[in-house]
Amino acid sequence: MTTRTHSDSAHGSHHDTDHTNGGPDHLRHRPRRLRRTAAMRALVRETRLSPDNFIYPLFVRTGEGLRREVGSMPGVFQLSVDEAVREAAAAKSDGVPGVLLFGLPDEKDLVGSGAYDPEAPVQAAARAIKQEVPGLLVVTDVCLCEYTSHGHCGILVDDEIANDVTVDQLVRAALSHAAAGADVVAPSDMMDGRVGRIRSALDDAGFQQTAIMSYAAKYCSAFYGPFREAADSAPAFGDRRSHQMDPANVDEAIREVALDIEEGADIVMVKPALAYLDVIARVKAEFNYPTAAYHVSGEYAMLKAAARNGWIDEPRAMLETLTSIRRAGADIIITYYAREAARALA
Ligand code: PBG
């Protein structure tokens with residue numbers, strides 16, 4: 001800044017020879033040269049945003065012809081299986097390569113057994129989408145919180161989530177998703193050892209080609225609020241601090257990611273995205289592994305709310321946000337904006 005002021009011809013004289021910058025009319029470095037035109041900016045752009053990197057989450061429930069908008073997430077709907085297939089097909093034609101399925105079961109119980117019901121919405125939607133939208137990747141969320149009557153991510157013993165019996169349930173869920181045709185299963189529960197157990201069980205059952213995207217560094221975040229309305233998965237009491245990570249930690253994220261890679265994860269995820277860009281950057285730098293970031297419900301809701309009030313330019317804020325997640329190092333972005341962003345980039 002001082003160099004520029006010093007060298008500006010309005011402030012310097014022609015006899016002023018500054019050898020660092022070549023004098024007032026010979027400023028050697030003018031970074032603005034590369035920003036002058038759209039073509040020039042495109043030439044030197046470091047981060048490219050492409051729909052190829054997007055995954056689009058869908059909330060599936062029973063019924064037919066049903067599209068129920070989520071109050072805190074404008075543009076996001078709970079969908080019956082037939083509507084989920086239509087939405088998946090629309091996403092594919094927008095250029096989005098994959099969907100991530102969440103389920104809303106009709107009935108919940110203490111152990112989340114709906115998570116591995118072969119006729120449940122996620123399994124039915126996975127089968128239907130694989131059949132009717134060929135080429136689209138189907139990823140399924142593996143967790144119990146949508147399926148337990150108490151809304152916790154596992155089986156409770158004395159009001160605490162018991163790790164190993166919960167993993168047994170997660171393994172059943174992952175197997176049923178693979179059997180329904182899921183290309184990728186994505187455990188989001190943050191129980192210890194689940195990636196390894198799921199990998200072994202998938203292999204033993206002949207699903208060697210089913211990939212695992214682990215929610216490896218998933219933080220205990222306030223930004224999941226709208227999702228819990230969408231997925232009807234808020235805990236009836238307490239919170240998720242006993243298994244999701246403390247937002248203050250990053251070395252711990254590295255240990256979590258290392259464990260999941262060792263256990264056989266194909267893709268590791270950091271979640272949420274925007275408040276954890278430093279975590280994404282460190283994970284990518286340390287492991288150089290396929291890395292996903294989840295641009296979560298609360299991040300989406302904030303942009304939508306501000307846009308609805310006319311306080312921000314939504315298309316620009318959307319693309320700037322997604323670009324920042326890519327720039328931080330994410331290869332894959334899971335976002336409710338996937339279709340809108342893909343259309344904006346077309
Ligand atoms: C758990 C799960 C959650 C999200 C994805 N998987 C919620 C939670 O941990 O409470 C949040 C996604 C979002 O906020 O968009 N099944």
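Counting convention: from 1, in listed order, for ligands and their atoms alike. Starting from 1, each residue takes its place in the sequence as its number.
- Among all non-hydrogen protein atoms, the one lying nearest atom 5 (C) of ligand 1 is K271 NZ, 2.6 Å.
- Close approach of ligand 1 to S188 (heavy-atom distance below 4.0 Å) involves ligand atoms 1 (C), 2 (C), 6 (N), 16 (N).
- Below 4.0 Å from some heavy atom of F102 lie the following atoms of ligand 1, by number and element: 5 (C), 6 (N).
- Between Y336 and Y294, the ring planes are tilted. Angles from 30° to 60° get that label.
- In summary, K304 and E314 engage in a salt bridge, as defined by a charged side-chain N under 4.0 Å from a carboxylate O.
- Between R316 and E320, none of the side-chain N atoms (NZ, or NE/NH1/NH2) sits under 4.0 Å from a carboxylate O, so this pair counts as no salt bridge.
- Of the heavy atoms in D141, only side-chain atoms (C-beta onward) come closer than 4.0 Å to ligand 1.
- The neighbour count for R33 CZ, taken as heavy atoms of other residues, nucleotides or ligands under 6.0 Å away, is above 12.
- Here is the list of ligand 1 atoms found below 4.0 Å of a heavy atom in E146: 16 (N).
- Set against the non-hydrogen atoms of C145, the atoms of ligand 1 under 4.0 Å away are 1 (C), 16 (N).
- Heavy-atom distances between Y336 and ligand 1 reach below 4.0 Å in at least one pair.
- Set against the non-hydrogen atoms of R240, the atoms of ligand 1 under 4.0 Å away are 8 (C), 9 (O), 10 (O).
- The atoms of ligand 1 that sit less than 4.0 Å from any heavy atom of Y294 are 12 (C), 15 (O).
- Figure legend: K271 and Y224 shown as a cation-pi pair, the cationic atom lying under 6.0 angstrom from the six-membered ring centre and within 45 degrees of its axis.
- Nearest non-hydrogen protein atom to atom 9 (O) of ligand 1 is K218 NZ, 2.7 Å.
- Atom 14 (O) of ligand 1 has its closest protein heavy atom at S297 OG, 2.7 Å.
- Using cut-offs of 30° and 60° for the angle between ring planes, the Y276 and Y219 rings count as parallel.
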